[in-house]
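These notes concern the structure reproduced below.
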Amino acid sequence: MKVYLYTYNYEKIKEEGYKSLAMFDKNSEHCKNILRTHRHSAKSENLDDILAYLEKTFDGRLRSICVVAEIAPIEDYKHPYLNHLVHYADVLSFDLEQLIKEGLIEAIYCKDIRKTILTDPNFENIYKINSIEEIDLTPCNWKLCGTEKYIPYSPWATIKHYFLVLTKGFIPPEYITLEVDNSKKRAIEA
């Protein structure tokens, strides 16, 4: 079973592997930028508070990476962030069974806040997946992100996604496949 993630850093990833937040210096701009995306949920601007919040949501969250079970169709989306991601980010894949077999994953969690974001944006609705068979392969409604009630939120408020808690905090390059290469489009855009 393949799982996917979107990135703008494939050139670096193919050399170093895909790193979780735990692998970065917490004082680096990269780490600070990632942490700032969680300010609302952590109810704090302080980076140490955000780190503490993330780690208490589930054991190993700082060593986790987010993946989806499918690639979004290439079309235009009303949600600006999703639209840019689909058209300009690269898509990487991992063979989930292989990662589990090789001991690179110690746990899997699901985040599905479609039912809660509108009533309680502070509730993340994260739950543990006990086996690979529990991963929902029902096609996502990617257009839902662009509906009036969801557009103020991140696309990840409407797209069910999974956290892979990585045993060592990263996935080595040999386990990573480039599925979609949008580097030429990004170069033209720049």
Side-chain angles (χ1 to χ4, degrees), residues 3-9 12-13 16-69 72 77-86 88-89 92 94 99 104-130 134-136 140-142 144-171:
V3 290
Y4 308 90
L5 63 78
Y6 289 83
T7 183
Y8 296 101
N9 298 309
K12 191 171 187 177
I13 292 165
E16 301 176 6
Y18 194 84
K19 298 177 181 178
S20 68
L21 191 58
M23 300 299 292
F24 292 96
D25 176 353
K26 77 174 189 172
N27 295 311
S28 72
E29 280 309 306
H30 178 73
C31 187
K32 288 178 182 179
N33 287 336
I34 293 170
L35 289 174
R36 285 184 189 113
T37 64
H38 298 282
R39 292 176 296 207
H40 180 75
S41 297
K43 297 182 179 98
S44 177
E45 296 285 328
N46 180 289
L47 296 181
D48 288 327
D49 292 345
I50 298 169
L51 281 166
Y53 164 78
L54 289 174
E55 194 55 40
K56 79 175 187 180
T57 55
F58 62 83
D59 190 32
R61 185 162 184 183
L62 295 177
R63 286 182 290 111
S64 72
I65 62 169
C66 293
V67 298
V68 290
Y77 294 92
K78 286 183 183 178
H79 196 287
Y81 174 73
L82 177 62
N83 195 58
H84 193 272
L85 197 69
V86 166
Y88 294 102
L92 307 181
F94 311 106
L99 296 179
L104 296 172
I105 296 177
E106 68 181 47
I108 302 172
Y109 290 84
C110 180
K111 183 172 183 177
D112 184 4
I113 57 176
R114 290 172 292 173
K115 295 176 184 145
T116 60
I117 192 71
L118 300 176
T119 55
D120 184 1
N122 296 316
F123 179 60
E124 288 199 79
N125 196 24
I126 297 171
Y127 52 92
K128 191 168 187 178
I129 298 292
N130 296 308
E134 291 181 26
I135 293 178
D136 183 0
C140 293
N141 179 359
W142 294 89
L144 187 61
C145 300
T147 60
E148 189 176 319
K149 63 184 177 180
Y150 285 111
I151 207 157
Y153 301 101
S154 162
W156 308 119
T158 54
I159 302 301
K160 182 184 285 192
H161 55 286
Y162 298 89
F163 295 100
L164 307 180
V165 179
L166 306 176
T167 308
K168 295 183 180 178
F170 76 103
I171 297 176

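- Under the 3.5 Å distance criterion, the side-chain polar atoms of Arg63 are matched with a main-chain donor or acceptor of Leu166.
- One distance of note links CG of Leu35 with OG of Ser28; it measures 8.5 Å at 0.5 Å rounding.
- Between the Asn83 side chain and the Tyr77 main chain, a donor and an acceptor come within less than 3.5 Å of each other.
- Looking at Asn46, its side chain does come within 3.5 Å of a backbone N or O of Asp49 through a donor-acceptor pair.
- In this structure, Phe58 has its ring center under 6.0 Å from that of Phe163.
- Listed by chain and residue number, Ile108, Cys110, Tyr127, Glu134, Ile135, Tyr162 satisfy the side chain to side chain contact (heavy atoms under 4.5 Å, CB included) test with Ile129 (two or more places apart in sequence, or in another chain).
- Between Cys31 and Lys26 the shortest heavy-atom distance is SG-CA, 3.5 Å.
- Considering CG of Leu92 and CD1 of Ile13, their distance stands at 5.0 Å, rounded to 0.5 Å.
- The side chain to side chain contact (heavy atoms under 4.5 Å, CB included) check on Leu144 picks up Arg114, Asn141, Thr147, Tyr150, Thr158, with sequence neighbours excluded.
- Gly169 approaches Met23 most closely through the heavy-atom pair O-CG, 3.1 Å.
- Residues satisfying the side chain to side chain contact (heavy atoms under 4.5 Å, CB included) test with Glu29, not counting sequence neighbours, are Lys32, Asn33, Arg36.
- If you take CD1 on Ile50 and OG on Ser44, they are separated by 5.5 Å, rounding to the nearest 0.5 Å.
- Two residues are said to be in side-chain contact when any heavy atoms from C-beta on lie closer than 4.5 Å; Lys168 and Glu106 fail this criterion.
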Step by step, would you call Thr167 with Ile105 a side chain to side chain contact (heavy atoms under 4.5 Å, CB included)?
CA-CA 5 Å; Thr167 308; Ile105 296 177; 5.5 Å; no
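- Across all non-hydrogen atoms, the minimal contact from Gly60 to Val165 is O-CG1, 3.6 Å.
- A donor-acceptor contact shorter than 3.5 Å is absent between the side chain of Asp112 and the backbone of Lys160.
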Starting from the C-alpha separation in whole Å, work towards a yes-or-no answer on side chain to side chain contact (heavy atoms under 4.5 Å, CB included) for Ile159 and Cys145.
CA-CA 8 Å; Ile159 302 301; Cys145 300; 3.8 Å; yes
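- Residues Trp156 and Val68 are in side-chain contact: their nearest non-hydrogen atoms beyond the backbone lie under 4.5 Å apart.
- For the pair Thr57/Glu124, a side-chain contact is recorded, criterion being any heavy-atom separation below 4.5 Å from C-beta on.
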Between Tyr4 and Val67, is a side chain to side chain contact (heavy atoms under 4.5 Å, CB included) present by the stated rule, with each step listed?
CA-CA 5 Å; Tyr4 308 90; Val67 298; 6.0 Å; no
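- Side-chain contact between Leu5 and Tyr18 is present, with at least one heavy-atom pair separated by less than 4.5 Å.
- A 4.5 Å side-chain heavy-atom check between Tyr153 and Ile113 finds every atom pair outside the cut-off.
- Looking at Glu45, its side chain never comes within 3.5 Å of a backbone N or O of Arg39 through a donor-acceptor pair.
- Within 6.0 Å of CG in Asp59 there are 12 or fewer heavy atoms belonging to other residues, nucleotides or ligands.
- Panel note: side chain Ser20, backbone Leu62; a donor-acceptor pair is recorded below 3.5 Å.
- Tyr6 and Ala72 make their closest contact through OH-N, 2.9 Å (heavy atoms, listed as atom of the first residue, atom of the second, distance).
- Put simply, CD1 on Ile65 and CD1 on Ile171 are 3.5 Å apart, with the number rounded to the nearest 0.5 Å.
- The side chain to side chain donor-acceptor pair (under 3.5 Å) search around Tyr8 returns His84, not counting sequence neighbours.
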Kindly determine whether Asn125 and Lys111 satisfy side chain to side chain contact (heavy atoms under 4.5 Å, CB included), including the steps that lead there.
CA-CA 6 Å; Asn125 196 24; Lys111 183 172 183 177; over 6 Å; no
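- Every side chain to side chain donor-acceptor pair (under 3.5 Å) that Trp142 has, sequence neighbours left out, goes to Glu70.
- Asp25 pairs by the side chain to side chain donor-acceptor pair (under 3.5 Å) definition with nothing, not counting sequence neighbours.
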